[in-house]
Novice: 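Take this structure first; my questions come after.
Note that ligands are numbered from 1 as they come in the structure, with each ligand's atoms numbered from 1 the same way.
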Amino acid sequence: MHDTLLLFGATGDLAQRYLFPSLLHLLRDRLLPADFRVVAIGRTEHDDQGFRDWLRGRIQSGEDRNSAAIDDLLGRIHYHALDLQDIDGVAAALSQYADRPAVSYLSTPPNLFEPACRGLKAAGLLEAPSRLVLEKPIGHDLASARAIDATLKSALDESRIFRIDHYLGKAPVQNLLALRFGNTLLEAVWQHRWIESVDIVVAETAGVDGREGYYADYGALRDMVQNHVLQLLALIAMEPPAALDADSIRDEKRKVLRALRPMTVADAANDSVRGRYVDGVVDGKAAKGFGKDYEVETFVALRAWIDNWRWAGVPFRLVTGKRMPSRATEVIVNFKPVTHWVFDRPDKAHTTPNRLRMRLQPEETIELTLMGSLAAPEWGATELEPMPLDLSMLPPKRRIAYERLMIDALKGDQTLFVRDDEVEAAWRWIDSISDAWRSAATPIGEYPAGSWGPPDAAAFLPNTLPVNGGRK
Ligand code: BG6
């Protein structure tokens, strides 16, 4: 396991909320090497002690700010204020850390990936077996993603590049694989003959909240669908890998992403909805809208088609939005009705086909709706009703997704990181949508903060969401 972590973007929001808290937990649980050290890099001027004091006041870990665990973490940190565009300055400051294999983590805007790489290379910090970790977004479209990739590849090869999608570090997301491939019951029916449709919903109550500049360029399509939502889709739809090693899984995910049918101008009106929240109320509090000047969506609903043998004709409805009434990350697999219906009650038109609902956030539950009858024989008729089989998953300890990903990057396990060809395949599909929207001049419908998107979105929302006062 490598024991040197260089963290670029150390004064940023992600670092305070997730990256340093993850390191704190890993150190506390003795999951990091004894000599583990952190080199924090940011733009703000601090000396080592100044940065440590600053971080102590800001780290969002729930831990007492003066605990021994925080002292331990802070004592391992050295800080450098650097301008990443200054390649020589970066090299001069950081080359002292090339004495041990390192992991450099770029939690910076993508326009800094290139100079940061050049500085790191000049410092000797990208020599094998050192590694590079990158935060999303990798580019803004296929062309820019390719340009970033070319820069990365000029400094190190793919086996040492770790692209983060933090959804892959979430335990319930990994559980999707366990469920799919650990159960005969599911494996046998996981295809178009038995599945009617699939819903993937990532609803957030949070808004754009201080990230207007970034968001105005990206919108929900690029911020959420290109990465998190498509990674969920890929895990649900991929063929069973022969083994669980990094490339076996990533080969299968890539095939699914490549099989996504590009959106055409003609499809845009039918298969997509864009929305932007205006003033409203979320969680009982007034929430301001995302200004009209931003020509970008905060809500998107898509009907995706995977053109391969397994999924022919099965719509995947993908929905994600900010400032929704409640937080919900769910995957719902809707099965087809049984082939021949022999019961009077309910009649064929009113049956409830089986449904598998996997809730990933905020709580982790799995619910399989089966049909059954509790009717006693003297009633003279068998009356069926949906019976949910409920499994609440109580993980022994909830961990931040980044904890798992940091450990894997330090160990060199790429299974939960996104490969170059997956990123490209995802962008190719996303580009087809943004092109179709541009050509079709797809409007952005307004929705009040605290509602489930613009009116047109209703057809895309699964009935597990408490839409319109709580259908279940
Ligand atoms: C990030 C997006 O990647 O994921 C944010 O940039 C979004 O806009 C966040 O809020 C959601 O992550 P989580 O773990 O809270 O579901």
Side-chain angles (χ1 to χ4, degrees), residues 9 12-19 21-22 25 60-62 105-111 113 133-140 145 162-176 200-235 274-277 282-283 287 290 294 296-300 318-331 358-365 395 398-406 416-418 422-423 426-427 430 449 453 465:
D13 185 56
L14 190 73
Q16 293 165 43
R17 283 174 60 197
Y18 295 121
L19 306 183
S22 296
H25 297 162
Q60 293 177 26
S61 69
Y105 187 139
L106 304 185
S107 172
T108 64
N111 64 322
F113 289 170
V133 177
L134 301 144
E135 263 302 328
K136 67 165 261 278
I138 313 269
H140 184 266
F162 290 64
R163 297 176 195 79
I164 288 217
D165 183 312
H166 78 278
Y167 268 51
L168 295 179
K170 291 179 189 266
V173 174
Q174 290 149 37
N175 194 27
L176 288 178
I200 301 177
V201 179
V202 183
E204 300 182 84
T205 50
V208 173
D209 305 339
R211 296 197 303 160
E212 285 74 9
Y214 154 78
Y215 209 83
D217 266 353
Y218 280 79
L221 181 68
R222 293 184 170 89
D223 180 50
M224 294 294 287
V225 182
Q226 192 273 342
N227 35 80
H228 308 323
V229 175
L230 284 187
Q231 284 294 321
L232 291 175
L233 173 140
L235 292 175
R274 306 174 79 187
R276 182 180 57 237
Y277 64 83
V282 182
D283 285 340
F290 186 55
Y294 299 111
V296 86
E297 74 290 339
T298 56
F299 173 95
V300 56
L318 315 178
V319 174
T320 183
K322 293 206 181 284
R323 289 281 186 241
M324 306 268 98
S326 53
R327 178 161 159 84
T329 306
E330 298 196 3
V331 173
M358 292 168 278
R359 207 169 151 81
L360 313 174
Q361 294 181 140
E363 63 288 314
E364 238 170 279
T365 56
R398 262 194 188 274
R399 287 198 173 273
I400 304 173
Y402 285 96
E403 295 181 35
R404 169 70 192 266
L405 298 174
M406 293 241 189
L416 299 179
F417 294 84
V418 185
E422 288 180 77
V423 175
W427 274 125
I430 294 295
L465 295 177

Novice: Please identify each residue that fulfils salt bridge (Lys or Arg N to Asp or Glu O under 4.0 Å) with D223, with sequence neighbours left out.
Specialist: K136, R211

Novice: Going by the angle between their ring planes, with limits at 30° and 60°, are H228 and Y167 parallel, tilted or perpendicular?
Specialist: parallel

Novice: Hydrogens and angles aside, do Y18 and Q60 bring a side-chain donor and acceptor to less than 3.5 Å of each other?
Specialist: no

Novice: So which of L14, D13, I164 actually passes side chain to side chain contact (heavy atoms under 4.5 Å, CB included) with S107?
Specialist: L14

Novice: Could I get the full list of side chain to side chain contact (heavy atoms under 4.5 Å, CB included) partners for S61, not counting sequence neighbours?
Specialist: P21, L24, H25, I59, E63, I70

Novice: Looking at residues at least two apart in the chain, or sitting in another chain, which of them share a side chain to side chain contact (heavy atoms under 4.5 Å, CB included) with D209?
Specialist: A206, R323

Novice: Name the residues with a heavy atom less than 4.0 Å from ligand 1?
Specialist: K136, H166, Y167, K170, E204, R211, D223, M224, H228, K322, R327, Q361

